[in-house]
Amino acid sequence: MSVFSIDWTKYRLIDLSFEVVPGASQDRYFEIERGYLADNAYMHHVRTHSHVGTHVEVDAHFFDGGRDVTGYALTDFMGRGLLVDVPDVSAMPHVTDRYLEEQIGGRIGEGDIVILRNSDAESLAGRRPRPTLTPEAGRWFAAHKVKMVGIDTHFGLGKDVPNGRAFHDAFMGSGGTVIEFLDHLEEIRRPEFYFMALPYLVRDMDSSWARAVAIEER
């Protein structure tokens with residue numbers, strides 16, 4: 001077998017990207033209009049913003065003078081992923097440094113990527129609030145040199161705006177990135193996998209759309 005191929009009988013490729021439907025959201029608008037190129041082939045005009053669908057947030061999102069997406073290496077957006085699951089939000093409404101230590105403290109390594117999943121059926125159905133990260137969790141990620149933290153729409157980066165900002169300050173202030181609007185996290189079966197979410201390469205962007213995937217052993 002070529003060293004440049006992957007034996008897909010041994011690995012699963014999981015698409016963790018959120019599908020954007022033009023016109024479906026007013027808050028996170030994505031509008032397209034079909035037009036023509038000079039050779040009469042079709043093209044589309046697009047009106048949107050940098051936080052629509054699955055997107056990576058970098059320094060420039062919160063910090064004046066922070067790096068835009070072009071200031072990072074591709075390897076900053078890929079690496080070993082570790083899954084942190086919250087099966088009961090009533091027992092763990094706010095994910096703390098202690099919970100992270102219990103779940104992955106013995107396995108975490110420098111440069112790892114942490115993906116957080118809400119698997120509480122009551123919360124997913126809207127009958128309980130979604131779990132949220134705490135500023136202490138942000139400091140724990142920074143101390144362990146985690147390079148990326150990922151969530152879907154069933155997880156929050158803070159219980160309110162001040163706590164969410166404190167999380168960003170603690171984690172992103174150390175150089176970490178955040179990926180939001182992941183999807184299909186229930187498809188992940190293993191606690192460790194390879195994760196990749198490569199952003200669109202545009203100067204001066206605070207964040208960028210990304211196609212997120214996980215590769216795990218079958």
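Along the sequence shown, residues carry numbers from 1.
Using a 4.5 Å heavy-atom cutoff, the side chains of Glu216 and Tyr194 are not in contact. Two residues are said to be in side-chain contact when any heavy atoms from C-beta on lie closer than 4.5 Å; Trp8 and Leu13 meet this criterion. Side chains of Trp209 and Thr48 form a contact here, defined as non-hydrogen atoms less than 4.5 Å apart. Looking only at side-chain heavy atoms (C-beta outward), Val84 and Leu100 come within less than 4.5 Å of each other. Between Thr132 and Leu157, the closest side-chain pair of non-hydrogen atoms is not below 4.5 Å. In this structure, the side chains of Phe195 and Ile188 stay at 4.5 Å or more apart for every pair of heavy atoms. Side-chain contact between Val86 and Val95: present, with at least one pair of heavy atoms (C-beta onward) separated by less than 4.5 Å. Inter-residue side-chain proximity for Ser123 and Pro131 is flagged as met; some heavy-atom pair is nearer than 4.5 Å.
Rounded to the nearest 0.5 Å, atoms NE2 (His184) and CZ (Phe18) are 9.0 Å apart. A distance of 6.0 Å separates OG1 of Thr134 from CG of Asp97, quoted to the nearest 0.5 Å. Distance CG/Leu124 to CZ/Arg130: 12.0 Å, rounded to 0.5 Å. To the nearest 0.5 angstrom, Phe62 atom CZ is 4.0 Å from His168 atom NE2. Interatomic distance, OG of Ser17 versus CD1 of Ile179, reported as 7.5 Å (0.5 Å rounding).
A cation-pi arrangement, defined by a distance under 6.0 Å to the six-membered ring centre and an angle within 45 degrees of its axis, is absent between Arg218 and Tyr11. Both cation-pi conditions hold for Arg34 and Tyr42: the charged atom is under 6.0 angstrom from the six-membered ring centre and inside a 45 degree cone around its axis.
A ring-ring contact (aromatic ring centres under 6.0 Å, His included) check over residues 66-87, counting only residues at least two apart or in different chains, returns the pairs Tyr72-Phe77.
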Self-check item: Test side chain to side chain donor-acceptor pair (under 3.5 Å) applied to Ser90 and Asp88, step by step
Solution: CA-CA 5 Å; Ser90 64; Asp88 183 356; 2.4 Å; yes

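Residue Met43 is found in a hydrophobic cluster whose other members, listed by chain and number, are Leu37; membership requires side-chain heavy atoms under 4.5 Å apart, directly or through intermediates.
Counting only N and O atoms by type, the side chains of Glu31 and His45 include no donor and acceptor under 3.5 Å apart. Between His51 and Asp206, the side chains place a donor N or O and an acceptor N or O closer than 3.5 Å (distance only, hydrogens not considered).
Within 6.0 Å of atom CZ in Arg107, more than 12 heavy atoms from other residues, nucleotides or ligands are found, so the atom counts as buried in its surroundings.
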